[in-house]
S.K.: 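Have a look at this one before I ask anything.
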Amino acid sequence: MAKGSVNLYEAKTRLSELVDKASKGESTIIAKDGKPMARLVPLPRKKPQRKPGAGKGKVWIANDFDAPLPADVLAAFEGYEE
């Protein structure tokens with residue numbers, strides 16, 4: 001059997017251990033009569049909840065943020081020289 005795989009009987013007797021390994025990111029293939037039948041895999045990590053306003057006071061935007069760019073900077077962005 002391939003590394004990371006166990007037979008069904010062994011999986012039944014070691015289920016708690018295999019679940020612990022899955023919770024740490026390891027997957028295990030479970031075989032019956034030497035044939036892979038199932039895979040025990042970790043669940044995807046839950047994304048943390050976003051909190052509105054968490055960045056308040058950490059970002060500053062200049063008053064002229066949306067003012068036209070100087071000609072030389074605009075030219076550089078557009079790929080030609082002034």
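Keep in mind that what you see is a predicted model, and the values were worked out from it rather than measured. Hydrogens, waters and symmetry mates are skipped; everything else that's a heavy atom, side chains included, is used.
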S.K.: Hey, quick one: are Phe65 and Trp60 part of the same hydrophobic cluster, counting side-chain heavy atoms closer than 4.5 Å, chains of contacts allowed?
M.R.: no
S.K.: In Å, rounded to the nearest 0.5 Å, how long is the span from OG of Ser23 to CG of Leu18?
M.R.: 11.0 Å
S.K.: Should Leu8 and Leu40 be counted in the same cluster of Ile, Leu, Val, Met, Phe, Trp and Tyr side chains packed under 4.5 Å apart?
M.R.: yes
S.K.: Give, for atom OG of Ser5 and atom CD of Glu10, the distance between the pair rounded to the nearest 0.5 Å.
M.R.: 8.5 Å
S.K.: Output yes when a side-chain donor or acceptor of Asp33 lies under 3.5 Å from a complementary backbone atom of Lys35, and no otherwise.
M.R.: no
S.K.: What distance separates Arg14 CZ from Thr28 OG1, expressed to the nearest 0.5 Å?
M.R.: 7.5 Å
S.K.: Hey, what do you get for CG (Asn7) to NZ (Lys12), rounding to the nearest 0.5 Å?
M.R.: 9.5 Å
